[in-house]
Amino acid sequence: MNKKLFLYCDNQMNADERKKFEEELKTDPALQAQYNNYLGNIKKLRKYNSVELNEKYFVNAVPVMHGRIESRKHFSLLSPKFGLALSSMTAVLLVFLMFFGKTTDNTIKLEKSLKGLSTEEISNVLDTYSNNESQLDKTIQVAEIVGDSGVISAVGDKLASEIIPNNEQLTAMESSESYEYLTGSINEKEADIVYNEIIKKEFFKGK
Amino acid sequence: MPNNEEDVQYINRFLEGDEAAFNKLAEKYRQKIYWHARRMTGSHIDADEIVQEVLLVLYRKLKDFKFKSSLYTWIYKITSTRCLNYLSRQKVRRFLSLDEPEILNIKDNYDVLKNIEDKDKLAKLDQILKILPAKQRQIFILRNFEEMSYEEIAAVTGKSVGGMKANYFHALNKVMEKMNE
């Protein structure tokens with residue numbers, strides 16, 4: 001698309017520029033064809049976009065949200081579910097540390113490490129290991145090792161804020177939520193599976 | 001965009017404990033949230049999930065809203081960020097073959113569109129929008145369908161107006177090329 005045509009169609013020209021361009025449009029058949037093509041395509045786009053909705057869906061949206069809030073209230077900090085989620089998340093972070101951290105001590109014991117990490121430290125570790133795009137491969141490796149969709153989704157979500165350079169606002173806006181999301185996205189059964197899978201791995205058995 | 005007087009009243013009432021005021025806000029914005037998410041993801045199931053996430057964030061974070069921007073811009077900011085975040089996560093999941101496209105298509109049969117003609121129209125729109133990288137798609141949608149000014153788009157995305165204009169130009173070119181095929 002011609003840049004001048006774009007500026008004209010996108011209302012980025014001042015009055016004089018518009019007048020001059022309109023004169024050009026009248027005398028240049030190729031430009032006129034481009035303009036007509038643009039108008040036709042925009043018309044088509046508008047047509048594709050004009051669809052009728054089933055209003056019932058929207059009526060249910062707010063009650064569903066309130067239902068979710070209620071169900072999340074049961075996921076309290078003191079519940080066993082939270083404990084399991086925290087354990088599994090910590091285990092995932094340990095995998096990060098084992099493979100990509102500066103320390104190469106493969107004899108680290110899971111139980112000991114679980115006791116040693118605070119929530120804030122966990123959050124910091126995640127930030128450290130997801131601070132550039134090249135970490136994607138590493139995350140995928142970890143996700144494959146863990147082999148759990150909930151964890152993959154949670155870790156991928158955290159990483160996504162780094163893959164997209166424009167996601168600073170996500171971090172700023174939802175920093176307090178990222179931890180909650182990470183734990184909240186794993187259900188009790190998933191957490192159990194992940195936990196069991198991880199402690200079976202060779203490097204946790206000590207050499 | 002200045003804050004709508006009605007929105008300010010609803011927010012204040014909600015912060016004073018009136019749950020019905022939040023419901024009014026949600027009713028007012030849920031379709032906008034849904035459509036932005038739907039155009040971004042091309043899927044009802046995913047848009048539905050994003051609507052729920054955005055409403056939850058609003059419910060929890062409305063107390064932190066400082067009226068520095070309009071509620072409208074703030075909601076779009078949250079929705080856009082969620083959509084971009086979702087698309088990146090989806091890329092990882094697809095790479096790991098956790099989400100098979102066929103399965104996703106079957107899931108999407110449960111739709112909110114009234115008739116088959118509309119489904120066809122939306123499918124065509126999805127095909128066109130899908131050629132754009134996520135961030136260009138975001139700008140194209142905000143400019144073309146939400147009819148936002150560049151200043152509003154810049155407020156939503158946190159990027160410069162100049163950058164938005166350049167991105168929209170590239171996006172529009174790609175869309176035109178696709179439609180002319």
Side-chain angles (χ1 to χ4, degrees), chain A residues 1 3 6-7 9-12 34 37-38 40-42 44-59 61-66 68-69 72 136 139-140 143-144 149 152-170 172-174 176-177 181, chain B residues 19 22-23 26-27 30-31 33-34 39 44 48 51-52 55-57 59-61 77-78 80-82 84-93 95-96 98 111-115 117-119 121-125 128 134-135 143-145 157-159 165 168-169 172-173 175-177 179-180:
Chain A
M1 189 179 185
K3 185 73 190 265
F6 167 74
L7 296 175
C9 295
D10 199 39
N11 277 325
Q12 292 188 47
Q34 260 199 60
N37 180 259
Y38 165 82
N41 283 341
I42 290 293
K44 262 192 218 169
L45 273 179
R46 300 259 184 270
K47 187 184 153 196
Y48 296 159
N49 190 50
S50 62
V51 290
E52 276 191 84
L53 293 169
N54 185 345
E55 287 297 320
K56 280 181 190 168
Y57 163 71
F58 291 108
V59 172
V62 178
V64 169
M65 183 215 73
H66 283 295
R68 284 191 177 198
I69 290 171
R72 286 189 185 195
L136 176 63
T139 302
I140 288 169
E144 283 174 329
S149 61
I152 292 165
S153 178
V155 175
D157 193 36
K158 175 68 189 169
L159 191 79
S161 65
E162 308 300 333
I163 297 170
I164 302 169
N166 190 25
N167 247 19
E168 300 92 335
Q169 66 263 46
L170 173 76
M173 194 166 59
E174 301 184 73
S176 61
E177 278 218 331
Y181 180 80
Chain B
E19 291 280 325
F22 177 82
N23 294 349
E27 279 166 24
R30 64 195 172 189
Q31 288 212 25
I33 298 167
Y34 173 83
R39 290 179 194 122
H44 166 65
D48 180 50
V51 169
Q52 289 301 319
L55 290 179
L56 267 172
V57 171
Y59 189 83
R60 288 175 173 167
K61 301 278 182 179
K77 198 179 218 177
I78 295 169
S80 283
T81 310
R82 289 270 163 178
L84 289 175
N85 202 31
Y86 167 82
L87 289 170
S88 288
R89 207 163 69 215
Q90 191 186 48
K91 211 191 275 181
V92 175
R93 291 177 66 84
F95 181 81
L96 295 169
L98 288 169
D111 215 331
V112 288
L113 298 171
K114 275 186 179 172
N115 54 58
E117 275 179 23
D118 280 353
K119 284 184 181 177
K121 283 200 281 187
L122 210 52
K124 281 178 185 165
L125 184 66
I128 294 164
K135 281 199 282 180
R143 181 75 178 150
N144 222 292
F145 300 117
T157 59
K159 293 288 176 185
K165 285 179 179 175
Y168 181 61
F169 176 61
L172 189 61
N173 263 327
V175 167
M176 291 296 141
E177 273 176 31
M179 293 184 80
N180 290 335

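Each chain gets a letter, A, B and so on, in the order the sequences are listed, and its residues count up from 1.
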Flag if over 12 foreign heavy atoms under 6.0 Å of NZ, B/Lys121: yes

Under the ring-ring contact (aromatic ring centres under 6.0 Å, His included) test, residues paired with B/Tyr168 that sit two or more places apart: A/Phe6, B/Phe140

Side chains of A/Asp10 and A/Gln12, donor plus acceptor under 3.5 Å: yes

A/Glu52: partners by salt bridge (Lys or Arg N to Asp or Glu O under 4.0 Å), with sequence neighbours left out: B/Lys114

Interface residue of largest heavy-atom contact number with chain A, from B/Glu177, B/Arg39, B/Glu27, under 4.5 Å: B/Arg39

Proximity breakdown for B/Glu117 and chain A, heavy-atom pairs closer than 4.5 Å: neither

Nearest heavy atoms of B/Met179 and A/Leu45, plus distance in Å: SD-CG, 3.8 Å

Region of B/Leu172 in contact with chain A, defined by heavy-atom distances below 4.5 Å: side chain

Contact leader toward chain A among B/Asn115, B/Val51, B/Val175, B/Asp48, where contacts are heavy-atom pairs under 4.5 Å: B/Asp48

Closest-packed option against chain A by number of heavy-atom pairs under 4.5 Å, given B/Lys165, B/Met176, B/Lys124, B/Gln31: B/Gln31

Under 4.5 Å from any heavy atom of chain B - which part of A/Asn11: neither

